Amino acid sequence: MKKQNKSMISMMHRLVGFCGKYKVPIRVSYLPGFIKGLVMKSPLMASFFLACDFMSGRMTKKNCLIYGLIILACVILQAIMQNITDRLQSATGFKVFADKRMEMGDHFRKLTMGYFTDGNIGKVSSVLATDMNFIEENCMMVLEELVGLMISQGLMIAFMFFLNWRLGLTALASLMLVVLFGNITTRISISHSMLKQKTAEKMTSAVLEFAEGIGIIKTFNLLGEKSKEVSESFEESCKNSIGFEMAYAPWWVSILISYGIVTALTLFVSALLSSKGMMTNEYFLGMVLFAFDLFAPIKAYYGNIARLTVTDACLDRIESVFDGAEMVNEGNETLMSAEDAARKNLPEISFENVSFSYGVSKASLQSKLGSEEQSSERKALHDISFDAQKGQMIALVGPSGGGKSTIANLLARFWDVKDGSIKIRGTDIRNVPVANLMDNISMVFQRVYLFQDTVFNNIAMGRTNATREEVIEVAKKARCYDFIMKLPNGFDTVIGEGGADLSGGEQQRISIARCMLKDAPIVILDEATASVDADNEHFIQEAISELCREKTLIVIAHRLNTIRNANKILVIKDGKITESGNHEELIKLNGMYKNMLEKSQGISLA
């Protein structure tokens with residue numbers, strides 16, 4: 001069935017199905033909703049019978065009291081049923097999306113990094129900040145309301161048949177006319193809701209890009225150009241919203257006009273039947289009482305179109321995020337201990353004929369993971385093979401874009417290799433649960449990200465059950481204890497998002513303390529001193545020395561003087577290992593490494 005042909009019932013059914021284990025209380029709420037729908041029009045019906053008794057001279061104080069109590073009971077019962085449905089639906093709605101947010105967070109953890117570097121950040125932000133909020137705050141209570149409206153409308157039509165079968169047929173035919181216009185309005189609302197949500201996603205992406213790149217934008221005096229892009233996204237959103245109103249309004253007006261026409265038609269038929277003696281005066285009075293409320297439920301029913309169709313579009317986007325392909329995490333092997341690997345003479349890390357391409361239009365990790373950018377036009381790595389023994393330092397050097405960061409990211413399994421294998425102590429990392437793998441690896445990147453939380457909690461992310469004494473100890477080893485204690489509340493100081501309140505060097509030392517606390521046997525180091533001042537470089541080098549003690553290191557080197565003592569240096573160019581050896585061996589080769597070293601030092605090593 002095409003989306004444009006969806007009915008209100010099918011959209012309601014889809015929303016209930018989305019609720020998973022919580023759909024039972026939502027469906028249970030239909031019972032109090034049904035009762036509420038029954039009693040909703042009962043006061044009006046009681047008023048009709050009261051008027052009949054009055055006109056026929058049968059009215060007594062007792063009858064008047066009975067009708068009054070019936071009306072009061074109906075009002076009280078309606079309030080009770082409303083409270084029950086609110087508890088079953090609205091409260092359940094918040095539980096549903098609390099679970100869905102946790103489920104989505106777990107889903108994000110299992111996605112490849114390619115998902116986040118391929119233009120999906122705007123969609124993710126919109127889903128979490130807009131779509132889920134809209135549904136839980138605006139739409140969960142609509143389900144019961146719509147059920148009640150349908151029941152009320154059915155009762156009103158049945159009562160028309162009770163008054164006079166000709167009047168009942170007139171009311172039923174009139175209802176079909178309103179439904180016709182309502183279904184057209186629904187189709188229009190569905191198509192425009194999809195467009196509006198896509199526009200909102202584009203607008204979110206534009207705003208995020210503008211905010212994240214504001215420093216570069218100002219530096220290169222691109223405020224006008226980039227502001228224009230954001231403004232254009234705002235204008236597109238405004239244009240689509242106005243377009244929706246222009247397309248929606250005529251049909252909604254048609255519903256209102258048809259509502260007025262069918263109400264007048266029903267009154268006219270009632271008067272005609274009464275004038276010909278085919279309807280008693282009491283029943284005619286009842287019709288006058290009911291006339292202006294006869295089609296109110298169907299009017300209110302279609303008044304919820306916009307909310308329900310936007311909800312349907314929101315569900316499309318939420319489900320599209322959940323449909324993102326997760327990294328296969330079905331491994332059930334565990335990494336053997338370092339001692340067992342040593343007895344079997346297995347290397348700590350082994351790359352065996354590894355080839356890889358990102359396979360996306362843009363796979364840049366520059367923002368968080370490194371400095372390389374590759375495209376689907378060429379392979380990022382070609383037949384990479386090397387071993388690292390426990391406690392060894394392997395340095396990766398070479399021109400930007402050569403594949404250094406890709407090697408590190410594949411070891412951490414941010415992506416899965418396409419060809420070949422990567423092993424730790426003889427076990428293919430694809431056969432190991434990701435959680436077990438990450439327990440054995442720590443990573444320090446050039447660009448650090450700290451969360452808007454206390455300094456203590458940012459460090460304790462390395463091991464969440466660490467004691468305060470252990471956190472303080474690693475802070476001292478990472479050379480960040482002194483500046484932390486100068487903060488307003490020491491370790492309990494809340495730092496700005498992204499570590500905005502700290503210098504680059506201070507952020508880097510906190511990230512190193514975090515890795516020290518984790519105490520993983522393998523450390524991947526995207527050289528942390530590449531973009532800091534001389535004072536911070538000294539402290540960071542001391543911190544790194546503490547971090548790397550007795551660890552196996554994979555170092556992405558930018559300053560070649562820091563890797564002279566590496567056990568093995570791999571020169572990576574165009575995704576291939578062009579040179580391999582220690583410092584002295586590579587100098588003797590008189591190749592790329594020697595040329596890079598001479599350029600970095602401004603001297604000749606001939």
Side-chain angles (χ1 to χ4, degrees), residues 3-4 6-20 22-23 25-26 29 33 85-105 107-108 120-147 149 185-208 233-234 236-245 247-249 252 300-324:
K3 287 188 176 183
Q4 286 74 6
K6 278 186 177 180
S7 66
M8 298 274 279
I9 301 296
S10 66
M11 287 187 280
M12 291 168 59
H13 181 71
R14 181 187 184 191
L15 181 55
V16 173
F18 179 77
C19 295
Y22 293 104
K23 61 187 176 185
I26 291 177
S29 72
T85 54
D86 285 345
R87 290 177 180 274
L88 288 172
Q89 283 196 354
S90 299
T92 300
F94 288 107
K95 294 178 183 178
V96 168
F97 283 96
D99 284 2
K100 288 296 180 183
R101 288 186 178 95
M102 295 301 295
E103 185 181 335
M104 186 164 287
H107 177 63
F108 288 156
N120 287 311
I121 297 301
K123 176 188 287 186
V124 169
S125 300
S126 294
V127 164
L128 290 172
T130 304
D131 295 345
M132 289 189 170
N133 282 347
F134 179 85
I135 297 176
E136 70 179 347
E137 293 177 3
N138 294 280
C139 300
M140 295 308 297
M141 66 288 297
V142 169
L143 297 174
E144 172 275 326
E145 182 180 344
L146 292 175
V147 170
L149 289 171
T185 308
T186 301
R187 288 197 293 271
I188 292 172
S189 185
I190 288 173
S191 61
H192 280 270
S193 294
M194 295 164 59
L195 180 61
K196 283 178 68 176
Q197 295 304 97
K198 289 180 181 178
T199 303
E201 180 183 321
K202 289 174 60 178
M203 184 170 64
T204 302
S205 296
V207 171
L208 286 173
S233 70
F234 292 159
E236 183 181 359
S237 177
C238 177
K239 180 181 177 181
N240 288 335
S241 295
I242 293 175
F244 167 71
E245 295 298 334
Y248 178 84
W252 178 242
Y301 179 84
Y302 283 111
N304 285 297
I305 289 175
R307 277 197 291 178
L308 206 54
T309 53
V310 170
T311 294
D312 200 59
C314 289
L315 288 177
D316 284 341
R317 289 208 302 177
I318 293 171
E319 289 175 353
S320 72
V321 172
F322 277 118
D323 287 341

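Residues take their numbers from the sequence shown, with the count starting at 1. The analysis underlying the following values was restricted to heavy atoms, covering all of them including side chains, and did not include hydrogens, waters or symmetry mates. Since we're looking at a predicted model, the values are computed, not measured.
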Would you give the length of the straight line joining atom NZ of K95 to atom CG of D99, rounded to the nearest 0.5 angstrom?
9.5 Å

Could you tell me which residues satisfy salt bridge (charged side-chain N to carboxylate O under 4.0 Å, His left out) with R87, sequence neighbours excluded, listed by chain and number?
none

Side-chain contact test, heavy atoms from C-beta onward, threshold under 4.5 Å: evaluate it for I318 versus M104 and give yes or no.
yes

With H107 via side-chain hydrogen bond (donor to acceptor under 3.5 Å, both in side chains) - residues at least two apart:
E326

Counting C-beta onward and ignoring hydrogens, is there a side-chain heavy-atom pair between V321 and F108 closer than 4.5 Å?
yes

Nearest heavy-atom pair of R14 and D312: which atoms, and what distance?
NH1-OD1, 2.9 Å

If the condition is side-chain hydrogen bond (donor to acceptor under 3.5 Å, both in side chains), which residues does E103 pass it with, not counting sequence neighbours?
none

Test applied, salt bridge (Lys or Arg N to Asp or Glu O under 4.0 Å); reference residue, D131; option that passes from R101, K100, R317
R317

F18 side chain reached by F97 side chain, heavy atoms, under 4.5 Å:
yes

What's the spacing between I135 CD1 and L15 CG if we round to 0.5 Å?
6.5 Å

